[in-house]
Structure formats: structure tokens, C-alpha cells
Amino acid sequence: MTNSSTIIYTKTDEAPALATASFLPIVKAFTKPSGITLEIKDISLAARILAAFPEYLTPDQHVEDALAILGNMVKTPEANIIKLPNISASIPQLTAAIKELQAKGFALPDYPEAAKTDTEKDIKNRYDKIKGSAVNPVLREGNSDRRAPKAVKNFAKKNPHSMGVWHENSKTHVATMSEGDFAHTEKSVTVTNATSITITHTDTEGNKTLLKNAFPLLPGEIIDASVMSKKALINFLESEISDAKKQDVLFSLHMKATMMKVSDPIIFGHAVRVFFKDLFETYKSDFEKIGVDVNNGFGNLLSNLSELPADKREAIEADIKTVMENRPDLAMVNSDKGITNLHVPSDVIIDASMPAMIRTSGKMWNKNGELQDTKAVIPDSSYAGIYAATIDFCKEHGAFDPVTMGTVPNVGLMAQKAEEYGSHDKTFEISKNGTVTVADANGHVLIEHAVETGDIWRMCQVKDAPIQDWVKLAVNRARASQTPAVFWLDKNRAHDQELIKKVTVYLKDHDTTDLDIRILSPIEATKFTLERVKAGKDTISVSGNVLRDYLTDLFPILELGTSAKMLSIVPLMNGGGLFETGAGGSAPKHVEQLVQENHLRWDSLGEFLALAVSLEHLATVTQNEKAAILAEALDEATEKLLDNNQSPSRKVGEIDNRGSHFYLAKYWAEALAKQSKNSDLKATFEKIALLFTAEEETIMKELTEVQGKPADIGGYYAPDSKLTAHVMRPSNTLNKILNTL
Ligand SMILES: NC(=O)C1=CN([C@@H]2O[C@H](COP(=O)(O)OP(=O)(O)OC[C@H]3O[C@@H](n4cnc5c(N)ncnc54)[C@H](OP(=O)(O)O)[C@@H]3O)[C@@H](O)[C@H]2O)C=CC1
Ligand SMILES: O=C(O)CCC(=O)C(=O)O
Ligand SMILES: [Mg+2]
């Protein structure tokens, strides 16, 4: 177990993991003289897979279940964890990772898509736990505080990123359902006393199936449940596909198939089947034979085609071409490689994809590699309206101006698997017409829905303590920053009505005099906030879990160009700290560039900010003066790095992630040398600062001259640590200086 002077550093995936290979050695060296230890915990997708199947591995291949260890740690006051973004794996990513590990000699079982035997069901069950958002809900034992620090916001104002122009005649729009979706069927109750509930399906003949065994609810817990009607969804998709063709705009689908790992892949699958309807009618039995499952994207169909005889395959390929000609053009993920929006459910993820589109004049890429207006299809209407309102605002007022726009920090409710984070094991694809009921321990029905075959029924929970904590955090942030705070809650939505009751009560626990705190529906809140943003005013958004996710990409991407530059803190409810690095993901495209041309454009700014607050937290908890000095000096270094424009460039041959880390280290050492609060640190880092200055040219040369050629890191999901270190630490001069610490 750790002591309070230990900072846990998570090892994750893709670009952030590569960046860690370069940055962590610097951090270890810099913190060593202050009695701080850094301990790595591997929660990468590959490590999580290996940890789940010990009996398939040789003893020397065993890995610890780091996620389980951290899951316990976050409930303790000692927790001080730096959490980098990890892959929330879709099935195509999961199966690719399994394949890579098998090829590396790990005798893992295949992912059994259609599990029949008990063994297969057990294997599938274990893999399904690793799938999707499997890490964040476990570690986020606190609510979310995400904001752009002043220095970062000021930098963005002085050095605005490019912003696509918006025209009022843009044809881009959001399409969402007006009936039969989750939003229109939601029911919600607050339970007064502790109880346990069961979820039961009853078919039209009265046969009952227990969907979920009794599980406990705490007093004051809010539950909600809703249904996505398959019929309504299919009708909606049919008509939006036709409309996209008629309006000559791209068809794009924006889902969160990773975080909403049960419901959204099913919806994704329907979109693929409706789009390629003729194909699925003609080749139904062939597709069944080869086990096509387009919940994993159209790419699943394409990759399975090789199992068919050549003549059949060619006929299908010709028909795919015809469908593509007859249907509207699809938004593309990669037009050079022909990868469409419908290929892989984790390629287009709504939190990042909608803001990126809004930043780019409301356009997405078409098959010819040109930007074009698009129909952004977001089937469930619960939150789609915020994007529609933003798009309308841009059509009316033009694009936002990063030089003058205000900022929108977020306080998000997510602790203890709040809201949709807790829905994974309570989401069901309905097998027969009938009803789904949620009943308490006394058999009282709390929620009931009529359902039809193929509908998706989903239940969420949110406990009372996290709500109290969230309200407190919102008031504290409003007070600390003297900024108006808006609770994005809709009085016409069942779940929000229950939340509003609690918010109204818990606000009274705090001194809110002179604070501007409002409750507005998401669409009203969007309009209110955008008016203020445009006028250069700041507004805190206080939101539930899904809006937390959406808004902490939307505003940073518009304000700062990327959500990588966000300070992202999770004050853990039991007193510890979880410090996330930015609000973005693991940027798969960045790995591709590194492997092709040895240039990593990943920006570790979020990591610098997280480390500073983690050190500050450690300083307070352990009264470690040196940690406080390290934190202060790091913030100073980060500011200087920004001022000097030494963040990674996107272009090969220019400064990348590694060069940026060197400059941060140099400025960090200089700030430590300059301070006079602690003479030990001063003496140590004076030497380092001098060495860095003397060797700057050599180090930057060593870091830059490796670029322009392919880089071998020995894998994608499980890169070889030696090869990765070799690629990410190519400056011997820098490495030698760090070794002296
Ligand atoms: N906290 C977490 O654990 C999170 C994990 N994820 C996971 O990450 C993966 C990818 O998700 P995706 O939706 O593509 O979103 P990402 O945020 O990874 O990527 C979207 C784009 O944002 C830009 N970007 C993001 N972070 C940085 C950074 N630090 N430096 C520079 N640019 C950055 C890149 O733009 P460009 O290509 O133009 O350089 C990138 O392609 C998925 O597996 C997803 O589940 C997603 C969000 C949060
Ligand atoms: O948990 C996840 O899958 C993604 C989380 C995310 O996108 C976020 O926290 O911003
Ligand atoms: Mg997000």
C-alpha cells in the first residue's frame, strides 16, 4: 500500500502512454530530492485484458489487477493519482488488442461473439467488463471539476487557434428524435428509504424474466429508466437518410458507443442496417452464416466478407457500391482509406466529434477529401438540443472568436457511477413485447414501461451523497471564481425534476449570497451561456454526467482548440485526489503519425497542470514544503512554455512532444533555481538549469534529428517498453543530465 508521499501515475494507452514514456522519467528525477515517490499502475487496455485471464497465462506473464487496486485506493484519503486518458474499448479495439497479445505469446481466449457454452459465457462476461468505459467510472469516486486555468485561457486569447467561418446559409444541422427515444419515455423516482430493487420483464403471455437480481438502493437515491423504441428509431433513421440525400448534405452519426457501451452499439448497428437496407435484405442469410454483427460497425461486415466464396463476395461488393451511390454521402473518418463514419463505432465519438465539426464551419470530410455541410444525427434527444442551439447560434452570429470569448468551466456530477455511468449493467435489448418493471423489496412497482421486441431499456442511478457533494463543489467554484453558475437541468424532464428538488434543498446548506446561481434547461442554458461567451463573460456549467462529458470538450475545443489544455480535477469524496490530464481521449491518430514519421504531436499540457495540483495536494496532506515549491515552480514553467510557444507542433521536423518536455524541464529547473524558499532544491536545480542551458542545442538536435523516419515501438496496444523508451527518449544528453538527480 502507498503512503501519502506517493503519487500514482497511471500507464494507459496510445498517445498518452507514449508521452508518459518521455515525461515520467523527468518527473521522477525532479521529485526524487523531495522524498516523493512515483509509482506506476498499468491500466492500459492490454494490461486489463491480461489481468482478467490469469489461468490462461504462464506465471511470468501474470499482471496485477491494477484497476481493482486503484478502485479501492480512490476510496481512501491517501489517494493521489494522476490519471491519463485510457482507451474505452469498442469491440473492434478489444479484439484487435486480444489478437496482438496472442501474437505476442499470451494464450488468451478469443472474444466469443456468440457465446453458447458456460465457459464461453464466462469468457465473454470477463471481456465485456473490460469493454467501453470500464476505467473512469471505477476511479471517479468524486465529482468533476474541469476548467481552463487563467494562464491557459490568456495564452489562447493571445494566440488564437484557427476557427472555421460560419455562414448563415450553412445547411449543417442536428437531427434528433421527437418521440419514442430515451428522452421522451423517461420516468424517475427518488426512494425515501433504503430498499432493494429488481428489474423484471413480463411478456404479453405473462411469462416473467428477471433481468436483474435484487440490488440495493440507498435512502434518497434517484433512479430513472427510459426506452428507445426500435420502431421509432428505424423510422427516424429512414427519414433522416432520405432527407440527407434530398438536401445534399453528408450523413453523419454521433454516438458514445464507448461510454454508453450497451445501448449505443445497438443504435449504431441499426443505423448501419438501415443505411445498407437493400444489402441486408438481399444477403441476410449469407451475413448470418459468416456472423456479421454491425453493432461493431460496417467494418465488421467488410472484414467478414473474406469468408465467402469469391463470386458472392464480388456481388456483395458491387451492391455496396450501388448502395453508396443511391444513399447520401457519408461523412468520412479517412477519405484516403475509404473509412466512413459508419465503419467503426469508436471512430466518431460525440463529445469530440460535434465540437470538432462546429470548429470547422459545421463541416465534415466527404469521400473526395473535401469539407461539406452535414446532417449530424444524434438519435436520442436528451442532449442533442445543445448542439442544435450552438449551431443555430453560429449561423446567426458567425463563428466564435477565441481572442474575445469567455470561458465555461464545468462542475459535473459523476461520483459513484452516477447517472449513465451506472447504466451498463441495467441496459437490456428487449426480446419480446411486454413490460419492464422496476419493483422494490415490497413488490411495489416504482417504474413501468411497455416495451416491444428490439427496444432498448435502460436504467440509471444517482446516490444522494454525490449530489450533495456536487452542489457544494458548484457553490465553491462559483464563490472562488466569482462567476455565475448554471445548473443545466430541465424541469420538464423526469430525472431532472427529481434532481432539481434536491439541488433546491442542498443549495440552502451553503452561503449563496451575492452569487448568481440559476437552474435552466440545457437548451436555455446553452443560449444563455453562448450569449455570455460571445460577450467575453465566463459562466460555470453545472451538469449531470453526460453533459459534463459533452461540455468539457465543446467549450475547450472552441475556446482553446483542444480539450487537452484543461485542468481536470476529481476531488475524491473521501478526501483523496484524482488528477486527470486534460479532458480529451487517447488520440489514436497521433500514434499513427509517430509510427509513420517519428513525430508525436500529443500535447502534455493537461499532464503538467495535473502534476502541479497533485504535488500541491501532496504538499498539503504531508506538509512537504518541497512539494509545494515543486508545484509552484512547475506552474511557472508551464506558463513560460506557453508564452514561448513551445507546445508540440503538428508538423514533422518541428518541436514535438519530446522537445516540449525538454523545455518544460528546463523552465522547471530554472524556476527551482530561482526560488529561495528552500536552499537544497535551489542548489540542486541550479546545477541542472546550467546543464540544460549549456546543452540546449545538442538536446534539441538529438530530439529532432530522429524525426522523419518510421518509428518501431513493437506493438499498438502492448508496445514494447524498451523500444518505446528508445523512441521516446532519444537524447542521451538529456537522459544523462536527468540521471545526475
Ligand atoms: N479520460 C479518458 O479516459 C477518455 C478516454 N477517451 C478514449 O480515447 C479514445 C479516443 O477518443 P476520441 O473521441 O477520438 O477523442 P480524443 O480526444 O482522443 O481525440 C480527438 C482529437 O483531439 C485532439 N487531441 C486530444 N487530446 C490531445 C492532446 N493531448 N494533444 C493534442 N491533441 C489532442 C486530437 O486532434 P488532432 O488529431 O487534430 O491532433 C485528436 O485526434 C477512445 O478510445 C475514447 O474512448 C476519450 C475521452 C476521455
Ligand atoms: O469514460 C469514457 O469512456 C470517456 C470519458 C470522457 O470522454 C470524458 O470524461 O470526457
Ligand atoms: Mg469526454
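Whatever order the structure lists them in is the order used to number ligands and atoms, beginning at 1.
Taking atom 2 (C) of ligand 1 as the reference point, the nearest protein heavy-atom neighbour is Asn136 ND2, 3.4 Å. At the top of the distance list for atom 8 (C) of ligand 2, counting protein heavy atoms only, stands Asp549 OD1, 3.1 Å. When hydrogens are left out, the protein atom nearest atom 46 (C) of ligand 1 is Gly585 CA, 3.3 Å; that is the closest non-hydrogen contact. The single protein non-hydrogen atom nearest to atom 36 (P) of ligand 1 is Arg601 NH2, 3.4 Å, given as residue, atom name and distance. Scanning all protein heavy atoms for the shortest distance to atom 3 (O) of ligand 2 gives Ser133 OG, 2.4 Å. The protein atom (non-hydrogen) at minimum distance from atom 41 (O) of ligand 1 is Lys589 CE, 3.7 Å. Nearest protein heavy-atom neighbour of atom 4 (C) of ligand 1: Gly584 O, 3.7 Å. Among all non-hydrogen protein atoms, the one lying nearest atom 22 (O) of ligand 1 is Thr562 OG1, 5.0 Å. For atom 44 (C) of ligand 1, the nearest non-hydrogen atom of the protein is Ile349 CD1, 3.9 Å. If you check which protein heavy atom lies closest to atom 30 (N) of ligand 1, you get Asp603 N, 2.9 Å.
In Arg146, the part holding a heavy atom less than 4.0 Å from any atom of ligand 2 is the side chain. The residue Tyr550 has no part lying near ligand 2, judged by heavy-atom distances below 4.0 Å. Residue contacts with ligand 2 for Glu580 are absent, since no atom lies close enough (heavy atoms, distance under 4.0 Å). At a heavy-atom cutoff of 4.0 Å, ligand 2 is contacted by the backbone of Ala583 but not by its side chain. Under 4.0 Å from ligand 2, not a single heavy atom of Ile349 appears.
Separation of the Trp470 and Phe487 ring centroids falls under the 6.0 Å cut-off.
Distances shorter than 4.0 angstrom do not occur between any heavy atom of Met259 and any atom of ligand 1.
Protein N, O or S atom count below 2.8 Å of the Mg ion (ligand 3): the structure gives 2.
Below 4.0 Å from some heavy atom of Ala564 lie the following atoms of ligand 1, by number and element: 26 (N), 27 (C), 28 (C), 29 (N), 30 (N). Applying the 4.0 Å criterion to heavy atoms of Arg140 picks out, from ligand 1, the atoms 1 (N). Each of the following atoms of ligand 2 lies closer than 4.0 Å to a heavy atom of Lys256: 4 (C), 6 (C), 7 (O). Less than 4.0 angstrom separates some heavy atom of Lys83 from each of these atoms of ligand 1: 3 (O). For ligand 1 and Arg650, the ligand atoms under 4.0 Å from any heavy atom of the residue are 36 (P), 38 (O), 39 (O).
For the pair Asp643 and Lys640, the salt-bridge criterion is not met [side-chain N within less than 4.0 Å of a carboxylate O]. Of the charged side-chain nitrogens involved, at least one lies within less than 4.0 Å of a carboxylate oxygen, so that Glu64 and Lys41 count as a salt-bridged pair.
Taking only nitrogen or oxygen atoms, main chain and side chain alike, Asn86 reaches within less than 3.5 Å of ligand 1. Between Ala587 and ligand 1, an N or O atom pair is found at a separation short of 3.5 Å. Considering backbone and side-chain atoms together, Glu14 places no N or O closer than 3.5 Å to any N or O of ligand 1. At least one N or O atom of His590 sits closer than 3.5 Å to an N or O atom of ligand 1.
Figure legend: cation-pi geometry between Arg458 and Phe182, with NZ or CZ positioned under 6.0 Å from the six-membered ring centre and within 45° of its axis.
Taking the six-membered ring for Trp and thresholds of 30 and 60 degrees, Phe23 and His661 have ring planes inclined between 30 and 60 degrees apart.
Of the N and O atoms on the side chains of Asn598 and Arg658, at least one donor lies less than 3.5 Å from an acceptor on the other residue.
Nearest-residue assignment for atom 10 (C) of ligand 1 (options Pro648, Ser346, Pro588; heavy-atom criterion): Pro588.
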